[in-house]
Amino acid sequence: MTPEAILEQHGPRESMEYDVVVVGGGPGGLATAIKLKQLAASQGKEISVVVLEKGSEPGAHILSGAIMDPRALTELFPNWKELGAPLNQPVAHDEMLFLSQTGTLRTPQFLIPGSLHNAGNYIISLGSVVRWLGQQAEALGVEIFPGFAAAEVLYNDDGSVKGVATGNLGIGKDGEPTGEFQLGMELHAKYTVFAEGARGQLGRQLIARFKLDDGRDPQTYALGIKELWEIDPAKAKPGHVIHSLGWPMDNSTYGGGFLYHMEDNKVTLGFITGLEYSNPWLSPFEEMQRWKTHPAIRACLEGGKRIGYGARAITCGGLMSLPKFVFPGGALVGCEAGFLNFSRIKGSHAAIKTGMLAAEAAFAAVTAGRQHDELSAYPQAFEKSWLYEELQASRNTKQWMKKGLFLSSIMNGIELWLLPKLGFKAPPWTIHSTVPDNARLKPAAECPKIDYPKPDGKLTFDKLSSVFISNTNHGENQPAHLTLKDAAVPVGINLAKYAGPEARYCPAGVYEFVKTEAGQDRLQINAQNCVHCKTCDIKDPTQNIVWVAPEGGGGPNYAGM
């Protein structure tokens, strides 16, 4: 039964009215809600705000490195330390490594670009910070609905955004309502703010419907794969930060590692692979496991224990790929639009800042009696902000990285290190990219096959044991949330031409090609493994895979990540 038929048979849906609906309970969405309530309290006015969060609680689906620049948080809560925000470990030392297979070249401190100097920043669990932000939001009177995934954008007759509808619950694998069926609910608002993170399901639809990316470079992405370790106390260096470039990537493929020493003998580490890579044999997960075997990384981890795993796609295009982020009735904030500063490997400060700017524009509009129009004050305020200046300075970073390790290292060194010393706030030239990530794969026959070593279960691991410690769970009797536009494409095109890249780019073992009893190839989708990274939605060469939200609450349940 189609969603339309279900609605016709079981509808109409109940609806609730709010001044502002926020989709996504991450740093951007919660900052939006918090700022709205702060403004209302300061002016003695009332404003109704609700946050929809598809995870089981705010922070459950949040994954980031993460080093946090507290600038935006300080603007939101000047007294965040007194309020107990979990920013506990200040950065003490930065290290930048260029790796060969066995060798290590350490960049002299004076040559590390300012964008990678982290004095004044904190090594954090972003999930813990988001949980804390959720507590602050609720204390201010924000309604938060965890476990409710926004599944549909609602529109007024004039085409403006009216709000969203949550997904139906209790739909079986066959698409038919079960005995536990519950119809989704509509949430109507004067303005709806979308903060789903990178490659958001509804944000993607809005960008297409309103042509928000017209005249922009295609958005480009990277996949971050992260592990959390508890290490030998003798090796702990709280506040020590390592970033690496080079091995195991070749010169034509961008990738880099990070290892951050937290408090309590824990390190957070991971590998970021640019999703513009061309070799379909490449597996970002396996590259991350291989990176851990380098002597510079292995030395820290040996004798320790892996306690967490996760993966998430991140937006990297910066200012050149930033879509128009307002439209009639709503706005995009944070990584939903692509505000992450890839030169700093930081996005949470940008998410919080853009959430605050969107809130200021929405509050002014609501209190002036407006609704469903365009919040033009938001982009105007952004262009006058410190965040715009920051993104201008790094607008070419990812574009250079598409041109190989050596050239990008030289040009980003010039733009991020030399030009600021010469007094330039931003480079005087602009580099554009015109090819989306999914169109960059070459046929498998044209590329060298990569043979990855087997995991040892101590330092390196397989995908399924990794997914297990991400606490990922989806109800077994529900429709797969990884959908195919054409069921014949995976075998007919992806397997035939690209050797089935979905079996390798997915970091959770969701996709595998198996033989039928008749000896025919077919794609098996293990949707219950999905950690919601969105890589398949981005990298599928034919754009045949579409990620949609599963039943609310399903997915990973990250702890300490």
Side-chain angles (χ1 to χ4, degrees), residues 64-71 87-124 224 231 234-249 251 254-263 266-272 291-292 294-301 318 340-349 386 389-398 400-401 404-427:
S64 184
I67 295 176
M68 186 177 193
D69 179 345
R71 182 172 185 175
L87 280 69
N88 302 318
Q89 181 57 64
V91 174
H93 183 70
D94 286 295
E95 203 170 2
M96 183 73 207
L97 310 180
F98 282 84
L99 305 181
S100 62
Q101 188 164 355
T102 57
T104 304
L105 177 64
R106 285 177 168 79
T107 305
Q109 287 292 311
F110 76 93
L111 286 179
I112 297 178
S115 60
L116 288 176
H117 278 291
N118 286 292
N121 299 331
Y122 292 80
I123 302 170
I124 63 162
I231 63 168
K235 298 180 179 181
K237 302 176 183 177
H240 189 73
V241 165
I242 296 173
H243 291 105
S244 79
L245 289 174
W247 190 86
M249 297 284 98
N251 176 53
Y254 174 75
F258 63 90
L259 190 153
Y260 307 151
H261 286 258
M262 307 175 78
E263 67 270 29
K266 291 185 175 66
V267 295
T268 175
L269 69 148
F271 200 82
I272 298 171
W291 170 77
K292 287 187 294 178
H294 191 278
I297 308 303
R298 176 193 290 269
C300 176
L301 301 179
L340 180 139
N341 183 342
F342 196 65
S343 74
R344 301 186 68 196
I345 324 176
K346 291 179 180 63
S348 56
H349 71 302
W386 53 260
E389 185 175 307
E390 182 182 307
L391 294 178
Q392 270 282 23
S394 62
R395 68 179 183 271
N396 296 328
T397 299
K398 194 60 165 66
W400 283 122
M401 288 176 178
L405 176 63
F406 297 136
L407 180 59
S408 70
S409 297
I410 292 170
M411 293 309 301
N412 278 321
I414 291 172
E415 291 191 3
L416 301 175
W417 181 83
L418 180 61
L419 290 182
K421 291 185 180 300
L422 296 176
F424 289 86
K425 286 188 175 181

Taking Asn88 for its side chain and Ile124 for its backbone only, find out whether a donor-acceptor pair lies under 3.5 Å.
no

For the residue pair Asn396 and Met411, establish whether any side-chain heavy-atom pair is separated by less than 4.5 Å.
no

Under 6.0 Å between the ring centres of Phe98 and His243?
no

Determine whether a donor-acceptor pair (N or O, by modelled atom type, separation under 3.5 Å) exists between the side chain of Ser115 and the backbone of Ser343.
yes

Rounded distance (nearest 0.5 Å) linking atom CG of Asn412 with atom CH2 of Trp417
14.0 Å

Between Ser348 (side chain) and Met68 (backbone), is there a donor-acceptor pair under 3.5 Å?
no

Of all heavy-atom pairs linking Ile112 and His117, the shortest is O-NE2, 3.1 Å

Would you say the side chain of Val241 lies within less than 4.5 Å of the side chain of Leu259, judging by non-hydrogen atoms?
no

Heavy-atom nearest pair, Pro70 first then Asn121, reads CD-OD1, 3.7 Å

Could you check if a side-chain atom of Leu99 sits within less than 4.5 angstrom of a side-chain atom of Leu245, using non-hydrogen atoms only?
no

Would you name the heavy atoms of Lys346 and Leu340 that are closest together and state the gap between them?
O-CG, 3.5 Å

Contact between Trp291 and Arg298 at the side-chain level, heavy atoms closer than 4.5 Å - yes or no?
no

Interatomic spacing from NE2 in His349 to CD in Glu390 - rounded to 0.5 Å
3.5 Å

Would you compute the distance between atom NE2 of His240 and atom SG of Cys300 and round it to the nearest 0.5 angstrom?
8.5 Å

So does Asn118 get a backbone contact from the side chain of Arg344, meaning a donor-acceptor N/O pair under 3.5 Å?
no

From Ile345 CD1 over to Ile272 CD1, what is the distance, rounded to the nearest 0.5 angstrom?
5.0 Å

What are the two closest heavy atoms between Gln392 and Pro427, and how far apart are they?
O-CD, 4.0 Å

Search all heavy atoms of Gln89 against all heavy atoms of Pro238 and return the closest pair with its distance.
OE1-CB, 3.4 Å

side-chain hydrogen bond (donor to acceptor under 3.5 Å, both in side chains): pairs with one or both residues in residues 100-113, sequence neighbours excluded:
Glu95-Arg106

Pair Ile242, Leu97 - check side-chain contact (heavy atoms from CB on, under 4.5 Å), show working.
CA-CA 7 Å; Ile242 296 173; Leu97 310 180; 3.7 Å; yes

Please name all residues satisfying side-chain hydrogen bond (donor to acceptor under 3.5 Å, both in side chains) with Ser394, sequence neighbours left out, ordered by chain then number.
Asn341

Ser244 side chain to Gly257 main-chain N or O, any donor-acceptor pair under 3.5 Å?
yes

List the steps, then state whether side-chain contact (heavy atoms from CB on, under 4.5 Å) holds for Trp386 with Arg71.
CA-CA 10 Å; Trp386 53 260; Arg71 182 172 185 175; 3.3 Å; yes

Between the side chain of His261 and the main-chain N/O of Thr268, is any donor-acceptor distance below 3.5 Å?
no

Identify the heavy atoms of Trp400 and Ser408 that sit nearest to each other, and give their distance.
O-CB, 3.2 Å

Could you measure the distance from the CD1 atom of Ile123 to the OH atom of Tyr260? Nearest 0.5 Å is fine.
8.0 Å

Nearest 0.5 Å, please: how far is CG in Leu301 from CD1 in Ile231?
7.5 Å

Would you say the side chain of His294 lies within less than 4.5 Å of the side chain of Trp247, judging by non-hydrogen atoms?
yes

Less than 4.5 Å apart, any side-chain heavy atom of Asp94 and any of Leu116?
no

